[in-house]
Amino acid sequence: GENVEQHPSTLSVQEGDSAVIKCTYSDSASNYFPWYKQELGKRPQLIIDIRSNVGEKKDQRIAVTLNKTAKHFSLHITETQPEDSAVYFCAASSRSGGGADGLTFGKGTHLIIQP
Amino acid sequence: GAVVSQHPSWVICKSGTSVKIECRSLDFQATTMFWYRQFPKQSLMLMATSNEGSKATYEQGVEKDKFLINHASLTLSTLTVTSAHPEDSSFYICSARWGGEETQYFGPGTRLLVL
């Protein structure tokens with residue numbers, strides 16, 4: 001099955017600086033890579049996702065890059081703000097053949113924005 | 001749009017009893033629903049995938065006779081934890097998606113405490 005590794009486990013940055021979280025995956029059939037933000041005790045919220053036919057996607061301060069050859073993808077947050085503090089999870093899944101499948105999550109990164 | 005609800009939000013039960021958790025898609029028809037479990041300070045782990053009208057597919061290591069899943073309609077899936085034990089205490093989160101979409105929308109989760 002799929003295995004997703006995520007680093008770092010904790011990331012502390014100064015407000016206004018950029019934050020980068022990296023993930024690798026093992027299954028070359030994976031073709032969908034979402035990123036979720038989870039605040040304590042809350043549901044995961046989708047913040048951005050990328051599909052394997054795209055190398056980069058951006059949405060305001062958030063961007064994701066995907067390198068299929070190396071099987072890694074990264075989340076970039078620019079101009080960080082205190083409200084960005086949360087746990088971020090990367091995930092991967094494969095929808096090949098139209099079969100139903102779930103997400104394999106990384107272990108999460110606790111992002112701390114220092115004022 | 002794409003709202004998923006769960007009920008109850010939290011439940012405390014005695015060891016040996018059964019607990020039913022409901023997951024509903026409020027504004028779309030969920031052809032596929034997923035059940036995840038999250039222990040404190042850990043990642044989300046996929047338990048099972050359910051398609052409306054068919055049997056759920058369980059991940060390796062998840063006992064299908066202990067975690068009964070029913071997806072009787074396009075808007076409702078239920079997870080029943082049978083003969084619950086303290087080690088079943090966790091945060092149970094469902095997600096739902098429709099048709100050929102990859103995006104999963106998460107419910108708010110149910111916190112289960114087994115005494």
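The chains referred to below are lettered A, B, ... by the order of the sequence lines, with proteins before strands, and numbering in each begins at 1. As a basis for the values below, the full set of heavy atoms in this structure was taken, side chains included, without hydrogen atoms, waters or symmetry mates.
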Exercise for the section: Find out whether B/L113 and B/W10 are in side-chain contact, i.e. whether some heavy atom of one side chain is under 4.5 Å from a heavy atom of the other. Expected result: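 No, their side chains stay 4.5 Å or more apart.
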Practice task
Could you look at A/P34 and say if it's the side chain, the backbone, both or neither that has a heavy atom under 4.5 Å from chain B?
Solution key: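 It is neither, since no heavy atom gets under 4.5 Å.
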Problem - Part of A/L40 within contact of chain B (heavy atom distance under 4.5 Å) - result: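 Interface part for A/L40: neither.
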Practice task
Would you mind telling me which of A/Q6, A/Q45, A/Q38 has the largest number of heavy-atom pairs within less than 4.5 Å of chain B?
Solution key: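 Sorted descending by pairs with chain B, the first entry is A/Q38.
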Practice task
Among the options A/G108, A/G1, A/G106, pick out the one with the most heavy-atom pairs lying under 4.5 Å from chain B.
Solution key: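 Winner by heavy-atom pair count: A/G106.
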At a 4.5 Å cut-off on heavy atoms, which part of [X] comes close to chain A: side chain, backbone, both, or neither?
{"X": "B/Q42", "value": "backbone"}
{"X": "B/T57", "value": "neither"}
{"X": "B/F106", "value": "both"}
{"X": "B/I93", "value": "side chain"}
{"X": "B/Q38", "value": "side chain"}

Exercise for the section: Using modelled atom types only, decide if a donor and an acceptor are shared between the side chain of B/K66 and the backbone of B/T82 within a distance under 3.5 Å. Expected result: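 Here the side-chain-to-backbone pair exists.
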Handout entry: Test item: B/Q6 side-chain N/O and B/C94 main-chain N/O as donor-acceptor pair under 3.5 Å
Key =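 Here the side-chain-to-backbone pair exists.
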Approximate separation, where rounding is to 0.5 Å, of [X] [atom1] and [Y] [atom2]:
{"X": "A/I113", "Y": "A/Q81", "atom1": "CD1", "atom2": "CD", "answer": "9.0 Å"}
{"X": "B/D27", "Y": "B/Y105", "atom1": "CG", "atom2": "OH", "answer": "9.5 Å"}
{"X": "B/N70", "Y": "B/C23", "atom1": "CG", "atom2": "SG", "answer": "12.5 Å"}

Practice task
Just say parallel, tilted or perpendicular for the rings of B/Y36 and A/F105, cut-offs at 30° and 60°.
Solution key: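 Taking A/F105 first and then B/Y36, their aromatic rings stand perpendicular (interplane angle over 60°).
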Problem - Short side-chain donor-acceptor distance under 3.5 Å, A/E2 and A/T104 - result: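 The answer is no; no qualifying pair exists.
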Exercise for the section: State, without any angle test, whether B/T32 and B/N51 hold a side-chain donor-acceptor pair at a distance under 3.5 Å. Expected result: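 A pair is found: one side chain offers a donor N or O, the other an acceptor, under 3.5 Å apart.
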Exercise for the section: Write out, in numerical order, the residues from residues 59-78 of chain A with a heavy atom short of 4.5 Å from a heavy atom in chain B. Expected result: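 Near chain B, by residue number: none.
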Handout entry: Short N-O contact, A/E56 and A/K58, less than 4.0 angstrom
Key =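 Between A/K58 and A/E56 there is no salt bridge, as every charged N stays at least 4.0 Å from the carboxylate O atoms.
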